[in-house]
Structures are given as C-alpha cells and as structure tokens.
Amino acid sequence: MFFDTHAHYDDEAFDADRAELLPALHEAGVELIVDPGCDEESSRRALALAEEYPFVYAAVGFHPEELKSYTGSLETIRALAAHEKCVAIGEIGLDYYWDDSRKDEQKALFRAQLELALELDKPVIVHDRDAHGDCLEIVSDYPGLRGVFHCYSGSAETARELIKRGWYLGFDGPVTYKNNRRAAEVLAVCPPERLLLETDSPYLSPVPMRGRRNDSRNLRYVADKIGELLGRSGNEIAALAAENGRRLFGIG
Ligand code: NI
C-alpha cells in the first residue's frame, strides 16, 4: 500500500535496530522503499540494504552537503549505478542553506550527475534547499531528464514550471505542519499523477510524531493530510503515489 520513495535507512540513526525495523515496516504495509545515497559510502550501504531486502531499492550519488567527500570523479558512482537494484541517481542537487556553500562547485557536481543520469537513462532525486531558481535553471538545460524534486519546498509557480517539464514532486512530513499554506498551494497545482510520498527518514517526522525519529510507517500521516487537502482518502493518495513511484523508478 505505501511506497516510501525517500528514506535513509543506511543512516546511523538506524544502527541499533535496523534488522528488526525493516521487516516490521514491510509487515506494517510499507511495500517499497527507495534509499538514496549521499556519498560513495552511503550509496554502497544503500545498495547493501537493497541486496538484503527485496522491497528496498537504492539510489546512488553525491548530496550537495557531501561536496567535501567528492574527489572530482564520478567513476565509483557510475559503477555502483550499474547494480540491478539501483533505480536512480540521487540524492543530488543544490543546498544554499549554509554560508560557505561553495555554490559554483555544487552546481558543477550537480550538472555532472545529471549528465550521468541521462547517459545511464536513470531518473534523478533532487535535493533543493534555498536554491529554487538555480535548480530550475539547471534542470531545464536537460530536457530529456526525468525525476523528482524531493521534499518540494518551492513556490506553486516553480512547481508549475517543473511539472510542465515532466518532473514529479515529493511530499514529506512538513505538509502536516501547522500553517503550511505553501504545501496546499503546491498540491493545488500538482496533478495527482506527479505526486510522490516520502518520509526522508530519519528526518522530518510528521505531526503527531514530530521530534521523534521518523520511519516509513509515518507515511500514512502525510497521505492522510494530502487526502484532506485534496478531498480524497489517505488510502487513495497512498495508492496513486505508489503507482507514480513505480512508474518513475521503473519498478514493476
Ligand atoms: Ni534525503
């Protein structure tokens, strides 16, 4: 029933109980999970989880916050992407939250990974934090590319532009936060067939789980809230989002 298209189960936050937790999630109705890597090491760990659990898939790539561990070559990422359970290049993108964000280097790494995705014919998982204009400009340079703007936080206007270009939008815990008017505005312009559900576990727990470690079981709170905003049931939202995720990531 639920497809969590973005959860970091390779994160150390799950070290203590990962082996019990993952089967429990599946038992609780989480049918599929995509675990995106953030650098070479976590991409490897994500693939190892995908090998261990049939319902887990992986993405590989350098997160903009891991720029420091990028040595100028994507050869390892390219090799990892050949794994049969690697369904995307990600998590990649731009993050301008920090003052010393080395924007030019981030942009170059982002472009290099978008080009790799095009070459390998894989979708991408984009992280865009405080960099909406540059992200839109850059992805617009690669018209054949498909993918998702994970935890979409831009305006409804930018959402429209992305949707026109074929992109999917990912929705997470923040849609449940009080006074999140922007989420409602974005959902109003997002066609149902472009919507994905994600947790970004262990981060971004939805209400009423805020402040606790997140996991994919909490996807139902996000689905219910979106359902409430769109006048549909949470189950309907979960089902159509799961269908969308399978389509984007090519999971039959
Ligand atoms: Ni993430």
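We count ligands from 1, going down the list as the structure has it; atoms in each ligand are counted the same way. Atoms considered below: every heavy atom in the structure, side chains included; atoms not considered: hydrogens, waters and symmetry mates. As the structure is a computational prediction, the values presented were derived from the model and not from experiment.
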Can you tell me how the ring of His8 sits relative to the ring of His6, calling it parallel under 30°, perpendicular over 60° and tilted otherwise?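 Judged by the thresholds at 30° and 60°, the geometry between His8 and His6 is perpendicular.
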Flag the pair Asp215 / Tyr9 as yes when at least one side-chain heavy-atom distance between them is below 4.5 Å, and no otherwise.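 With C-beta onward as the side chain, the pair touches.
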To the nearest 0.5 Å, what is the distance between CZ (Arg194) and CG (Leu196)?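 Between Arg194 CZ and Leu196 CG, I get 10.5 Å after rounding to 0.5 Å.
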Check whether any side-chain N or O of Ser205 sits under 3.5 Å from a backbone N or O of Arg212 as a donor-acceptor pair, and report yes or no.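 Yes; at least one donor-acceptor contact below 3.5 Å.
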Side chain Asn244, main chain Leu195, donor-acceptor under 3.5 Å: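 Checked: pair present.
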Ring-face cation contact, Tyr177 with Arg210, 6.0 Å cut, 45° max: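 Arg210 over Tyr177 ring: yes.
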Using a cut-off of 2.8 Å, find all protein N, O or S atoms closer to the Ni ion (ligand 1) than that distance.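 Near the Ni ion (ligand 1), the protein supplies His6 NE2, His8 NE2, Glu91 OE1, Asp200 OD1.
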